[in-house]
Each structure stands twice: as structure tokens, then as C-alpha cells.
> 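The structure is given below, and queries will be raised subsequently.
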Amino acid sequence: MSDHYVKVNIQLEEMKSFGEDAEKEGVDAEEQVPVCSPSASVSPPDPSSTTIAGRDASNTSITCKHRGKSRSKLGKDDKNSCGKHTSDVSLHGSVVSAHVGRNLNRLGHDRTLHIKGTGKILQGKSETNGNYVTVHPSKNIQETRREDGFKHARKGRPVTVDISKAKTSLEALKLSIKQLKWKEFPLGRRAACDIYWHGVSFHDNDNIVSGQVNKFPGMIEMLRKINLSRAVRTMQELFPEEYDFYPRSWILPEECQQFSTQIRMVKENDATVNPTFIVKPDGGSQGDGIYLIRDPSDLKLMVGTQAKQAVVQEYIQRPLLIDKLKFDIRLYVLLKSLEPLEIYIAKEGLTRFCTEPYQEPSQKNLSHVFMHLTNYSLNVHSGNFVHSDSQSTGSKRTLSSVLYRLAAKGVDIKKVWSDIIALVIKTAIAVVPELRVYYQCDIPPGKPGPTCFQILGFDILLTKNLKPVLLEVNSNPSMRIEHEQEVAPGVFEYVPSPVDEEVKVGVIRDTLRLMDPGHKKPSISQHGEEIPMEAETQERSPDEGALPSLCLKQVYPKYTKQFNYLRLVERIASLFIRFLGVKGNMRMGPTAFRTFIRTCKLSNSNFSMASVDILYIDITRRWSGTMPDSREAGMGLQAFVEAFFYLAGRRYKSLVLREQVVSLLQLCEVQLESQSGVEERRSVSCSRAMPRAVRTLGLTNPQLNSPAPLRRASSQDYRLHQRLKPRTLRANVEN
């Protein structure tokens, strides 16, 4: 018998009798639990586990004596002869045989003692003193069972990942799953998986009712060039200084005339000014369809007989150069959750270089895409493109190598990185309101469905003065870890890319680690909301011991205090979602808009309900013309935001727009809060008059938690009671 292992064999019948006695005597197990022949298996070869001191493990004896009178009989505290009146539990006296077993693992914790019959779990650090063993209770039984369940799941079954829809990210995903020792399902699975990895959108598989999906509904639509520009423009109206990282933009074709007029006026005021603009198709990717212009007349507005949806932006003419080449940064960002908002940024990214030395744009070089466009998919076909296994050379390099090189030249890298983090958080805050509308449409509250997360690709350009500028956000950034190489004239094949593998596998692997369903996420309470703690502070499981530290850094809610004031549009979106009325709808009808106005008491003698209807019609008609592809009629979130801005400006004319919006939001939220208070008081008064059976039903049935169902249940039960009462009396008389 090994000296390192112990097993305490205990008789079950004695334990059961002790449990019954303990319940009768009212012994407080958390303060003092004397145990006589407890039915528990304690094993622990681990250094931190409970140990039993003695000369020989095989001859170890533990005795326990319980003295004192019952608290329920004498009203005095019990006394324990095994030690002082503390929370320690001492076991000694009765002889038990020792042995190491696997039973401790079933308890899920080295320092857990489950006392059968009492429903108590003692857990905590253990101390040894001679032949005494002391166990300090710490966690309650529910927390322990939850943790034990996670451990059982991890030990008994690895995390399952459906990779049947992964597409181009398949190889990196497979490597990540292999490193985590999880289980992949390349062809899908009939039973539910823990995680579903989609290659394009949330709707790659519409039959998922549980688990987690790596795409948010609506993310593709939200990050199109036009919608992203509109979302950022709204924030620029409220916070012009905070959102100056996004170039000035015009939406085509609806703002074509406005664009032409403004450029003509600029040139008339200063003939020396000759700005350059870049035109990006709304749904374009990989540099397809992008071109530069210097005059509005060069716009290509038509594709066949249809108007071309696009965004035209000011071109950054003086970017930061390395080796005389223009480059941009591809930064990977994990949007882990919408409510609460959680954002992680990868510590490592990629830099993509042009393949021709940069010159400021002129009429001669506007068409030189290898000079002006940093897209990898374009430059890879240049004869000057350099594939390199080194992370600091070639046409694609790691972000850290570029930052190291800049730091060697005296650049304040901390300032640059801080500005990039601020850009990412502000951009996420701009797009989250619309994402919440999409989310409640596809996964309404109460409907079975998965939770979502997503990796985004931020394309960022550094100007000559080191200011980061947002170029675009990709909903489906390439996670391919191979690159094309010409092996013969006109013949290309994919070969491994060490730089891509170094960055992308780490991002996918650590995203999976953060989304591990068996990973209990610690959180702290702040203003009544559970705020998740940063991942680096969490304890690592034994399975992760061989893995490197997380390459993803939490930036929100870590920096909530610095950026929370920007979330005004999200509060407007909450009002919009509240008054939508129909679950799964993204458009607000005229009745719902009128209900919003009445509930928040925004109408008066100067702004009648007829004026409300006219406002709704005007704004809805204008926005429906800008979105011809929309299949739903009604007012979308962006149109509602415009209406909200109009109402705020009408009511608080003397304030600037931001203060107007804040004031109107506070007014609406106060009105809604007071109304909910009235409904609560009504429900309380109804519950007092309600029969006991109905009150019990209201507490146990979640569908009756709101005031209206409670009132309906009360009135229906009352009418039923009135109908049955005379019949009951007649029945009693007849009997």
C-alpha cells in the first residue's frame, strides 16, 4: 500500500443515523459539524489535498467524539471535544482503514467532504496536526455541484465543435481544436454540439437551437460599407471629436449631388486644393471594384441599368511608410457578447504592404493599385510580392515586428496602441445598436437559440503623424493559413504561411478557450449589472497547462469608465426594441410609434398626434427610398434614431444635439420607470385580492410574471369563482 494514498472507509448506516440525528438536533453544519463514522471517501495524493498524519498510512486511525447537549433542547451552543468552537471540523477516534482510491475525483475537489444524510458539503483548505484532520468549509453546495458538473463534463466528454461549415478557416480551426484536445465533427452531428463554426454567416445552419455560433445575425449587413458609414456618421453627429478617426464619407447614389456640390465649393474657395477620393462598392471585398478619383465627374454610378451602391471617402494622402511602402494593419477583434458588451483585441496582428514605392496621388498614378491599395488579394499577384517565412520581412509581416521597428526609431508605441484600442471600442459601440435589433429578430427572448460570438477584422491605416484611421471592418476576415504560390507559369497552389499560422491559429484557439462552455466565468457586480472579469485573471484549468497565455486582451468592459458615455444610441435602440411589439420584427409600425409617443408623453398642444403621424410617414418614406432591397415596411432603427433626434431638437431647442438627446432619453426612461412602478403597484393590489391558488401559479409560472397576465388570471379566476359559488351552495343543501 503506497504511503501517498489514503482511503477512509465508513459505514453508511452510521452516517445515515448521524444525519438524522443532526437534523433533529438542529446542528449548524457551517459552524460546527461533528462527524462520527462519516460516510465519505477522501483520497488525496495531491499536495494541496486533505492529508491524515500518522506513522503509517495503512494504520491511520481517526476518532471523533461528540459531547454536549442538544441546542434544540437546552438552547446552548454545542461543544465539540475535538477542538475549539470554530468552523473547523475535526475527525479522530474511530479506526478506519486507509487506501487511495478514485472516489475523491468523483467529489470533484481534493478538499471536499460530502456528509451524506445532512445535505452539506465541507470544502476548503486542510490542516494536519498529529492525528487530527481539519477541513474548512468555504463554498455552498450549489456552487460546488455546478463546478463538479463542469469537471465531470470536461473529464467525461471533450468539448464538441461542428466544423462542417468552416470553409477557408478549416485548417486553422483543426489545429486549434487539436491543441485544445477537443473533438471535431467535419460532417456535422445529429446530436447538438457545444460550438458551431460557420464560414460565412449566422444562417449557414438555421437548425441550431442551443450551443454557441461564431457569427452574429446581421453582422454581414451591418458591416457593409454603407451601413458602417451611416452608423459612424450618427456617432460623429453626437461626438465629432471622438469619431474623427473615420474619413469623411458620402453614400452613393443618394448623396451624389451633395458630394459634387461640396467638392466644387472646396475647389472654388482654394484653387490649390485638389483632394483625392477612394470609391468602394458597398458589398465589395478583397479590393474588388475599388478605384481612385480626383473629380466627381469620374464616378461610375451605373452598372448596366442599375445604380451602383457605393461609398466615396477622402483618401489619406500621407500615410506612414516603411521601406518607402504603404501598409495597413489587420487587427483581429473578438466580439464575445452584446449584453453585456465584451470586446477582446488580439495582441498580435498582421501588416500588409503594397508592392510599389508610394507616391502621393496624381492623375498619372491613380490607377496604380499596387501603390495605393494594401489588399493582400491584389498585391499577391504583383511580381514584387515577397513571400517570407520571417515575421519581420516580406510583403506580409506581424504587427509586433512593425511596432518594434517603430519603437527603435523613437515612436511612442504605447500611445499608438492606446489610440488603436480606443478606435476599436468606439467602432464597436457604433455598430452594436443595430446588431441588437438583428439579434432580437433572429433569436427573440424566450425562443430556443444559440448564443453568439464573432471574430472581426479591423483594417487600420497609420498616418504620417501616427494617427490610426479606420478603413473598414470585415465580418469574415480570412483565416487561411496558406498562401498562393506560382509553381509554374500560370499555375498556383497553396503552401503553408508561417506568419499567418502564427497569428491566426492563436486567435482561433484562444477564442475557443474563452467560449469554452465548461469554463466558469468570474464576474463582479457593478451598478446592479454583472461585469465579467478579464480572462487573464481567471484560473487556468489543468488541461490548459501546456497552452500559452491568452493572446486576446479584454478591452471592454475593462475600460467602461472611459467609453460608457458614448453609448447613447444603444439606449435609443433599447427604446426601439421595447416598442416594436411583435417578436422577431425589425420595423416599427405607425401604431407602435404612436404608442412610444404617448407612453413617453412627448405629444402636447404644439405637437399633436396628427403631427406624429406626419413625422412617421415622412421619415419612413425617405428611408425606404434609400434601402430599396428592404422587404419589410415600417421604420427601421436608423430612421427611428433620426426621428428621435428631431424630437429632441424640437423639445430642447437651446441645447446642442448631444445634450438634447441625453435630456430626451432621461425623460423617456423616467416615464417608463414610473409607468412600470404603477403597473407593479396594480399587480400587488390584484395579487392581494387574488385567490391563493392563483398567487401560487403566478409565482411558479414565468409567463405570469408581468402585470397584465396576472390581472387577466385574477379576473378569470374571480369570474369562475362567482359562477361556481351558487352551485356549490345548492349542492350542499341537497346533500
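Each residue takes its place number in the sequence, starting with 1.
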> What about F370 and F385, are their ring centers closer than 6.0 Å?
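No, too far apart.
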> So H372 and Y358, side-chain hydrogen bond (donor to acceptor under 3.5 Å, both in side chains) or not? Walk me through it.
CA-CA 7 Å; H372 296 293; Y358 180 77; 4.7 Å; no
> Quick check: closest heavy atoms across P217 and L435, and the distance to 0.1 Å?
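Closest approach of P217 to L435: O-CD2, 4.2 Å.
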> Which heavy atom in S249 sits nearest to a heavy atom in V311, and how many Å separate them?
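The pair with the smallest heavy-atom distance is CB-CG1, 4.0 Å.
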> Report yes or no: does E659 contribute a side-chain atom to a donor-acceptor pair with the main-chain N or O of L655 at less than 3.5 Å?
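Not confirmed, E659 side chain does not pair with L655 backbone.
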> Which one of F640, F596, F593 satisfies the ring pair (Phe, Tyr, Trp, His ring centres under 6.0 Å) criterion with F576?
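When ring pair (Phe, Tyr, Trp, His ring centres under 6.0 Å) is applied between F576 and each of F640, F596, F593, only F640 qualifies.
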> Is there a side chain to side chain contact (heavy atoms under 4.5 Å, CB included) between E472 and F458 once you walk through the steps?
CA-CA 6 Å; E472 62 177 325; F458 277 66; over 6 Å; no
> Give me the atom names and distance for the closest heavy-atom approach of L580 to A592.
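Where L580 meets A592 most closely, the heavy atoms are O-CB, 4.4 Å.
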> Side chain to side chain donor-acceptor pair (under 3.5 Å): which pairs involve residues 415-425, sequence neighbours left out?
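As it turns out, the side chain to side chain donor-acceptor pair (under 3.5 Å) pairs with a partner in residues 415-425, which skip direct neighbours, are K415-D419.
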> Is it true that R513 and D516 have a side-chain N and a carboxylate O under 4.0 angstrom from each other?
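Judged by the 4.0 Å cut-off on N to carboxylate O distance, R513 and D516 do not form a salt bridge.
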> Between CG of L456 and CG of L331, what distance do you get to the nearest 0.5 Å?
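Between L456 CG and L331 CG, I get 10.5 Å after rounding to 0.5 Å.
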> Does either side chain, that of R571 or that of Q666, offer a donor lying less than 3.5 Å from an acceptor on the other one?
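R571 vs Q666: no donor-acceptor pair found between side chains.
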> Quick one: does P433's side chain get under 4.5 Å of I572's, heavy atoms only?
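With C-beta onward as the side chain, the pair stays apart.
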> Can a donor-acceptor pair be found between the side chains of T463 and N465 at a distance below 3.5 Å?
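Yes, a side-chain donor-acceptor pair sits under 3.5 Å.
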> When you measure from the side chain of D328 to the backbone N and O of I460, does any donor-acceptor pair fall under 3.5 Å?
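Checked: no pair found.
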> So does L238 get a backbone contact from the side chain of R658, meaning a donor-acceptor N/O pair under 3.5 Å?
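Yes, R658 side chain to L238 backbone: donor-acceptor pair under 3.5 Å.
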> Would you check if the side chain of T560 reaches a backbone N or O of Y556 as a donor-acceptor pair within less than 3.5 Å?
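Not confirmed, T560 side chain does not pair with Y556 backbone.
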> Might you point out which heavy atoms bring L341 and P557 nearest each other, and give the distance in Å?
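For L341 versus P557, the nearest heavy atoms are O-CD, 3.7 Å.
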> Quick check against the 3.5 Å criterion: does D282 have a side-chain atom that pairs as donor or acceptor with the backbone of K225?
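Pair found, side chain donor or acceptor close to backbone of K225.
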> Distance only, no hydrogens: is a donor on one side chain within 3.5 Å (strictly under) of an acceptor on the other, for E242 and Y565?
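Side chains of E242 and Y565: pair found under 3.5 Å.
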> H483: which residues meet the side chain to side chain donor-acceptor pair (under 3.5 Å) condition with it, sequence neighbours left out?
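For H483 the side chain to side chain donor-acceptor pair (under 3.5 Å) partners, ignoring immediate neighbours, are H387.
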> Which residue in the set K396, R480, R330 passes salt bridge (Lys or Arg N to Asp or Glu O under 4.0 Å) when paired with D500?
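Between D500 and the candidates, salt bridge (Lys or Arg N to Asp or Glu O under 4.0 Å) is satisfied uniquely by K396.
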> Could you check whether atom CD of E502 has more than 12 heavy atoms from other residues, nucleotides or ligands sitting under 6.0 Å from it?
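No - once you tally the heavy atoms of other residues, nucleotides and ligands closer than 6.0 Å, there are 12 at most.
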> Within the 3.5 Å criterion, strictly below it, is a donor on E482 or S497 matched to an acceptor on the partner's side chain?
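Absent: no donor and acceptor within the cut-off.
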> Show your working on side-chain hydrogen bond (donor to acceptor under 3.5 Å, both in side chains) between R248 and Q262 and close with a plain yes or no.
CA-CA 12 Å; R248 189 178 181 186; Q262 291 179 353; 2.8 Å; yes
> Between D459 and R352, does the side chain to side chain contact (heavy atoms under 4.5 Å, CB included) criterion hold? Intermediate values first, please.
CA-CA 10 Å; D459 291 346; R352 292 94 53 90; 3.3 Å; yes
> Just wondering, do N214 and I195 contact through their side chains at under 4.5 Å, heavy atoms?
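Contact flag for I195/N214 side chains = no.
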> Heavy atoms, side chains only, cut-off 4.5 Å: are L180 and R509 in contact?
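L180 vs R509: side chains touch.
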> Heavy atoms, side chains only, cut-off 4.5 Å: are F645 and Q660 in contact?
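F645 vs Q660: side chains apart.
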> Rounded to the nearest 0.5 Å, how far does NZ of K504 lie from CD1 of I481?
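Here the rounded value is 8.5 Å.
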> Do L550 and L547 touch side chain to side chain, with heavy atoms closer than 4.5 Å?
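Not touching, per the 4.5 Å side-chain cut-off.
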> Rounded at 0.5 Å granularity, tell me how far NZ in K326 sits from CG in L373.
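It is 6.5 Å, given to the nearest 0.5 Å.
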> In Å, rounded to the nearest 0.5 Å, how long is the span from CD1 of I421 to CZ of F563?
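It comes to 8.5 Å.
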> Which heavy atom of P275 sits nearest a heavy atom of Q317, and at what distance?
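That closest heavy-atom pairing would be CA-NE2, 3.8 Å.
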> Please work out which of the three classes, parallel, tilted or perpendicular, describes the rings of F245 and Y243, given edges at 30° and 60°.
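Y243 vs F245 ring planes: tilted.
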> Looking at V437, is its backbone amide N or carbonyl O close enough to the side chain of Q440 to form a donor-acceptor pair, meaning the two atoms are under 3.5 Å apart?
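Between the backbone of V437 and the side chain of Q440 there is a qualifying donor-acceptor contact (under 3.5 Å).
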> For L471, is there any backbone N or O sitting under 3.5 Å from a side-chain donor or acceptor partner on K280?
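Yes: the side chain of K280 pairs with the backbone of L471.
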> For the aromatic rings, using the six-membered ring if either is Trp, is the centroid distance between F277 and F259 under 6.0 Å?
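Aromatic pair counts; centres sit under 6.0 Å.
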> For the pair D323 (side chain) and L325 (backbone), establish whether a donor and an acceptor sit closer than 3.5 Å, ignoring hydrogens and angles.
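Such a contact is absent between D323 side chain and L325 backbone.
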> Are P361 and Y315 side-chain neighbours, meaning at least one heavy-atom pair lies under 4.5 Å?
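With C-beta onward as the side chain, the pair touches.
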> Between atom CZ of F453 and atom CE of M515, what is the distance when rounded to the nearest 0.5 Å?
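One finds 5.5 Å between CZ of F453 and CE of M515.
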> Enter the distance from L399:CG to F327:CZ here, rounded to the nearest 0.5 Å.
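L399 atom CG to F327 atom CZ measures 9.0 Å (nearest 0.5 Å).
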> Would Q313 and Y246 count as having a side-chain donor-acceptor pair, cut-off 3.5 Å?
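Side chains of Q313 and Y246: pair found under 3.5 Å.
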> Could you tell me whether E642 and R233 make a salt bridge, using a distance below 4.0 angstrom between a side-chain N and a carboxylate O?
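No.
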> In the structure I gave you, are the side-chain heavy atoms of T276 and L366 within less than 4.5 Å of one another anywhere?
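SC-SC contact between T276 and L366 confirmed.
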> Given 3.5 Å as the limit, does a donor-acceptor pair link the side chain of Q212 with the main chain of C452, or not?
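Looks like no, no N/O pair under 3.5 Å.
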> Scan side-chain atoms only and decide if E348 and S400 contain a donor-acceptor pair under the 3.5 Å cut-off.
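Checked: E348/S400 side chains pair up, N/O donor to acceptor below 3.5 Å.
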> Checking salt bridge (Lys or Arg N to Asp or Glu O under 4.0 Å) for the pair R230/E254: CA distance, chi angles, key distance, verdict?
CA-CA 13 Å; R230 282 179 174 147; E254 61 189 83; 2.8 Å; yes
> Do K300 and Y291 form a cation-pi contact, if we require the NZ or CZ to be under 6.0 Å from the six-membered ring centre and within 45 degrees of the ring's axis?
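Yes, a cation-pi geometry.
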> Is it the case that R397 places NZ or CZ above or below the six-membered ring of F353, under 6.0 angstrom from the centre and within 45 degrees of the axis?
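Positive - R397 is close enough to the ring of F353 and near enough to its axis.
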> For a 4.5 angstrom cut-off between non-hydrogen side-chain atoms, does L350 reach I329?
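SC-SC contact between L350 and I329 ruled out.
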> Examine distances only and state if a side-chain atom of D288 and a backbone atom of G284 form a donor-acceptor pair shorter than 3.5 Å.
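No, because the side chain of D288 does not come within donor-acceptor range (under 3.5 Å) of the backbone of G284.
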> Would the number of heavy atoms belonging to other residues, nucleotides or ligands and lying under 6.0 Å from OH of Y404 be above 12?
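Not buried by this count: 12 neighbours or fewer within 6.0 Å.
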> For side chain to side chain contact (heavy atoms under 4.5 Å, CB included), just list the numbers for V333 and I455, CA-CA rounded to whole Å, side-chain angles, deciding distance to a tenth of an Å, and then say yes or no.
CA-CA 6 Å; V333 175; I455 299 173; over 6 Å; no
> Show the numbers, then the answer: is there a side chain to side chain contact (heavy atoms under 4.5 Å, CB included) between Y559 and N564?
CA-CA 8 Å; Y559 300 119; N564 202 47; over 6 Å; no
> Give the minimum heavy-atom separation between L568 and L665, together with the two atoms involved.
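Of all heavy-atom pairs spanning L568 and L665, the closest is O-CD1, 3.8 Å.
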